[in-house]
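Since this is a predicted model, take the numbers as computed values, not measurements.
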Amino acid sequence: MTTEPQAPRDTSTLWATGLARFAGLTMIVLGVLHIVTGTGALVGREVAVQGVHHVFSIDTVAWGWAHLLLGVLVAFAGMAVITGQLWGRLIGILLALVSLVVSFLSLSHHPGLSIIGIVLSVVVMWALCVFGKEAAAASPTMLD
């Protein structure tokens with residue numbers, strides 16, 4: 001039973017792979033945040049800041065369904081990013097952008113959760129955009 005010594009990995013590849021894992025995990029957390037926000041909007045149907053009307057004031061139920069659907073999609077794409085799927089990273093960037101816009105537009109309904117959603121969306125987009133060619137070559141062995 002002989003084992004061949006493994007060549008040390010490049011530190012930039014390790015960092016990029018770690019960022020992809022971080023982005024995937026952050027996407028799952030962001031998805032759960034959207035699911036909780038959407039469920040709360042559908043069950044409670046209350047607005048955190050009463051009497052405020054903005055250009056983008058939409059019914060609480062509509063925001064609830066938007067958050068719920070987006071949360072499921074973002075969490076699913078986050079799982080794909082963790083497993084090293086290319087489509088997960090591409091869809092992840094797009095869904096993080098949509099999440100950013102939805103969180104911004106729903107600031108009047110739940111400001112605290114929206115700010116957290118905006119920050120997490122920016123972090124996910126940054127981490128997925130940093131993922132380069134070297135890390136993509138290492139992604140099939142990302143779970144090693």
One should read off an interatomic distance between Phe76 CZ and Ile28 CD1, to the nearest 0.5 angstrom, of 11.0 Å
**Item:** Candidate pair Leu128 and Met27, rule side chain to side chain contact (heavy atoms under 4.5 Å, CB included), full reasoning
**Value:** CA-CA 10 Å; Leu128 290 177; Met27 288 173 68; 3.9 Å; yes
The reported gap from CG in Leu107 to CD1 in Ile118 (rounded to nearest 0.5 angstrom) is 4.5 Å
CZ (Phe22) and CD1 (Ile82) are apart, to the nearest 0.5 Å, by 11.0 Å
Could you tell me if the side chain of Met125 sits less than 4.5 Å from the side chain of Leu100, heavy atoms only? yes
Scanning both residues in full, the closest heavy-atom pair of Gly64 with Ala41 reads CA-CB, 3.7 Å
* Do you reckon Val43 sits in the same ILVMFWY cluster as Val32, going by side-chain contacts under 4.5 Å, direct or chained? -> no
Worksheet entry | Hydrophobic cluster membership, Val119 vs Phe104, 4.5 Å side-chain cutoff | no
Linked, directly or transitively: Val81 and Leu86 (ILVMFWY side chains, under 4.5 Å): no
Validation row: Ile116, Leu120 side chains within 4.5 angstrom (heavy atoms): yes
Residues Ser99 and Leu30: closest non-hydrogen pair is OG-CD2, 3.5 Å
(message) Using side-chain heavy atoms (C-beta onward) and a distance below 4.5 Å, is Leu90 in contact with Leu94?
(response) no
When every non-hydrogen atom of Gly117 is compared with those of Ser121, the smallest separation belongs to O-OG, 2.8 Å
Answer with yes or no whether the hydrophobic clustering places Leu69 together with Leu113; edges join I, L, V, M, F, W, Y residues whose side-chain heavy atoms lie under 4.5 Å apart. yes
Given the options Leu42, Thr37, Val36, Leu68 meets side-chain contact (heavy atoms from CB on, under 4.5 Å) only with Leu42
Kindly indicate whether the side chain of Val102, heavy atoms from C-beta on, has any atom under 4.5 Å from the side chain of His67.
yes
### Query
Quick one: do Val123 and Ile115 end up in the same hydrophobic cluster if we chain Ile, Leu, Val, Met, Phe, Trp and Tyr together by side-chain heavy atoms under 4.5 Å apart?
no
Result for side-chain contact (heavy atoms from CB on, under 4.5 Å) between Leu95 and one of Ile91, Ile93, Leu97 points to Ile91
Original post:
Do His34 and Ser103 have side-chain heavy atoms sitting under 4.5 Å apart?
Top reply: yes
